[in-house]
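Letters go in sequence order (proteins before strands), and every chain restarts at 1.
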Amino acid sequence: MNKLTLWFHKLGSPEYFYRFSGKLIPWLALACTVVLGWGLYRGLFVAPPDYQQGDSYRIIFIHVPSAWMSLFIYVAMCVSGVVGIVWRIKVAEIVAMASAPIGAAFTAITLVTGALWGRPMWGSYWVWDARLTSELVLLFIYIGVIGLYQAIEDRRSAARAASILALVGLVNIPIIHFSVEWWATLHQGSTVNLMGENAIHPSMLWPLLAMALATKLFYAFNVLQRARVMLLDQESNKRWAQRAIGLDMPGSAA
Amino acid sequence: MSLPRAVLALLLRDLRLALRRRSEMLTPVLFLLMVATLFPLGLGPDRDLLVSIAPGVIWVISLLACMLSLSLMFYADLEDGTLDQLIISRWPLPVLALAKVGAHWLVSGLPVVLVAPVVAVAYGLSSETIGVMALSLLLGTPILSSIGAIGVSLSVGLRRGGMFLSLLVLPLYVPVIIFATAAVTASLEGFSPAASLYLLAAMLVLAVTTAPFAIAAGLRISVS
Amino acid sequence: MMKPLGQPASIATPSGPRKTLLQVHSLFFQRNQLTILENVQLTLDAGEVVLIRGENGSGKSTLIRLLTGLVPAQEPFEVSLDGERFDPGDPRCQVQFQYLGHNLGLKDNLTCAENLKFYADFLGRRADVTVQGALNACGLDGYQYSEAGRLSAGQRKRLALARLLLCPARIWFLDEPYSNLDAEGITLVDRLLQRHISEDGRALMTSHGTFVPQVSNHRELEIDGWTP
């Protein structure tokens, strides 16, 4: 086994994952704060107003990275879920399930910011635009995954069932997206290309990329933090977990 | 012993059980007829309006009718232990799952396909459009059954599984309703419905070939 | 958590060298973070009935369901069958065993004969037993056209036992076969077991009661409940 596979094996051990992620989280959080601060400042205050949309376009610095994250996290959840299902690795199951609420939150943010932007752009908060509708369906799928995970009592069965549902959703998402695009063109929907056809000006591009990076860092430290808590909860009768929270009772199950 | 014989035994058993409980079998059809009656009552009997909403309305009601009967698909088998016997039998579970889906479609999907054209007549659709509607239902309802069965397999062990089911499967039904109604609408407006129907057929192939594996995985989790 | 009574289970087998049919090693199971089964070892020899005793919730049913593959193993454990690996998910192993659980696998809306006919078609039927013969042997003659839903709990159990008689298997996994049965039904279980082991079959069964299977060759294992 080479070093990388060995490291992945180690990462599958709850105790190692807990210690490793504990060291990583502060740095990720710090990096996220710096990049997020810079991106928001450049995007909301420094970048010039759009010649058509004025200042209202600035919501793209939230909206677009969130939309990217809604799909990115979904794929990450599925990858982690597959690892959990195939190799029965508890840490992977937990990371998958820890991802779902974060992904759902980004999807919700995408929808809300889209609606807020739609008001000045289209004159109404909601239009049946292909992308917004796809995002809405994605949110429903996220809610299904989270709901299924919460509904099943045994945590491991719950994670496996929810991962399977997520995978079924993954196969469906491109089909859903394609079908909704198809549907929008059929009904001559008011599809507005949010990013515009033309090359985006660097003064807007850099803050946008910074926000894209910041949201990924945000996801990374959040998912690790959530996974650590879930792991502690599910392994609460293991000695390592009790040691980790300073509760080393003699005679407890190893 | 052979797999075809075992699958046939399972299929015939499910059909026989359905015949013994005819009221369950009739529920989706009655649901379709009754809800389809409510729309003209709510919107008024304007012929043009009814024609224009017919593709969407009939399809949405059919979809809900199929979904309502879904929750019964594995419930009894889980409760009485038959599911245990299916899983530990030597036969591949995805094939058995497909047989269950097939039986369910014959019992609850096919009657809807047969009755929907009657509703379409009442909504004033032309015979040609009704033909497209029937074809779209024939292609679409088995997709609903197969995708729905995945949701059932995952939620069958839950209390309130029935309520929950709609949350799991409705988002996955989006493409079916889009392509199916697009086909009917195209026919209504004098265009060729072929493109949508082909896409629907492609989805049917995809659903029937891949869903059984997800159903099997879901059932294994539900019994454990 | 599981202690064989007296000596280790594999040594307690009477009579000379016999081929070991089923051998289980270091089985472990957790549910909701509680360790239910730990380091379970057991063997099941040719022509032998092994009875697992234990209180409610001690993990007897889970043990059986783990061996049938209905409950997936959380940590790999070894089961061997005649020296070869026994994988309950493998069709070649699945034809070897039959499982009778708390839920009997019967359809209320089908008649007794239809219920058995289904399993005969689905699982296979022994050449020397007919559906009617199995019903008669289990004291259900005259009930072949009755719906299973109209039978009493004991009669339903008999119908499920008739399935064991009808479908071929070398190993029986029986979860509480004596429950719901009257005295006559209990002797029926014993008769079926005796017949099964006399054909070199084997049975692993559970019981929380005090029944002792009246068969020529049986052993008992005690399983401790998990105590917090």
Side-chain angles (χ1 to χ4, degrees), chain B residues 1-25 72-100 103-104 107 153 156-157 213 216-224, chain C residues 29 31 61-62 64-74 87-111 113-127 147-149 156-157 159-160 163-164 167-169 171 173 175:
Chain B
M1 281 320 295
S2 65
L3 180 60
R5 191 168 163 195
V7 168
L8 191 67
L10 183 61
L11 192 72
L12 290 177
R13 190 202 61 158
D14 272 19
L15 293 180
R16 178 171 283 155
L17 280 169
L19 284 174
R20 299 259 157 100
R21 294 184 306 236
R22 263 174 236 119
S23 62
E24 271 173 32
M25 215 175 128
L72 299 170
M73 197 190 285
F74 294 113
Y75 182 73
D77 284 348
L78 180 78
E79 287 286 291
D80 65 23
T82 308
L83 201 51
D84 290 347
Q85 300 296 335
L86 299 188
I87 289 175
I88 61 175
S89 76
R90 83 198 82 158
W91 312 118
L93 191 54
V95 178
L96 301 183
L98 192 60
K100 291 284 297 178
H104 177 265
V107 172
S153 72
V156 64
F213 295 95
L219 289 177
R220 283 184 198 281
I221 292 172
S222 285
V223 298
S224 68
Chain C
F29 190 78
R31 176 159 280 164
S61 302
T62 306
I64 292 221
R65 287 175 77 83
L66 273 162
L67 292 175
T68 58
L70 283 168
V71 170
Q74 292 168 341
D87 172 9
D90 183 341
R92 277 173 307 177
C93 295
Q94 282 164 337
V95 294
Q96 309 273 0
F97 68 82
Q98 281 238 42
Y99 166 67
L100 178 66
H102 287 267
N103 300 322
L104 304 171
L106 303 173
K107 288 288 172 196
D108 285 354
N109 294 103
L110 295 182
T111 66
E114 284 168 342
N115 266 303
L116 284 188
K117 176 78 166 50
F118 165 70
Y119 282 112
D121 288 339
F122 188 74
L123 298 173
R125 180 172 70 80
R126 285 172 58 136
E147 288 196 350
R156 290 165 57 81
K157 192 82 176 204
L159 183 54
R163 191 190 79 219
L164 294 176
C167 306
I171 314 169
F173 293 123
D175 199 358

Under the side chain to side chain contact (heavy atoms under 4.5 Å, CB included) test, which residues partner Leu98(B), sequence neighbours left out?
Val208(B), Pro212(B)
With Ser89(B), which residues qualify under side chain to side chain contact (heavy atoms under 4.5 Å, CB included), at least two apart?
Trp91(B), Leu96(B), Phe122(C), Leu123(C)
Is the shortest side-chain heavy-atom distance between Leu110(C) and Arg20(B) below 4.5 Å?
yes
Okay, Arg163(C) and chain B: the region with an atom under 4.5 Å from a heavy atom over there is side chain
Taking Val223(B), Leu17(B), Ile87(B), Val7(B) one by one, which has the highest count of heavy-atom pairs under 4.5 Å against chain C?
Leu17(B)
Top of Leu10(B), Ile88(B), Thr82(B), Leu83(B) for chain C proximity - count of heavy-atom pairs under 4.5 angstrom:
Ile88(B)
Where the side chain of Gln85(B) meets the backbone of Leu100(C), is there a donor-acceptor pair that is under 3.5 Å apart?
no
Quick one: pull up [atom1] in [X] and [atom2] in [Y] and give me the separation to the nearest 0.5 Å.
| X | Y | atom1 | atom2 | answer |
| --- | --- | --- | --- | --- |
| Asp84(B) | Thr68(C) | CG | OG1 | 7.5 Å |
| Leu104(C) | Asp80(B) | CG | CG | 9.0 Å |
| Glu79(B) | Asn103(C) | CD | CG | 7.0 Å |

Chi angles and distances behind the side chain to side chain contact (heavy atoms under 4.5 Å, CB included) call for Asp77(B), Lys107(C)
CA-CA 8 Å; Asp77(B) 284 348; Lys107(C) 288 288 172 196; 2.4 Å; yes
If I compare all heavy atoms of Leu70(C) with all of Ser224(B), which pair ends up nearest, and what's the gap?
O-CB, 3.6 Å
What's the shortest heavy-atom distance between Gly124(C) and Arg90(B), and which atoms?
N-NH2, 4.2 Å
For atom CZ of Arg21(B), decide whether the heavy atoms of other residues, nucleotides or ligands shown that lie under 6.0 angstrom number more than 12.
yes
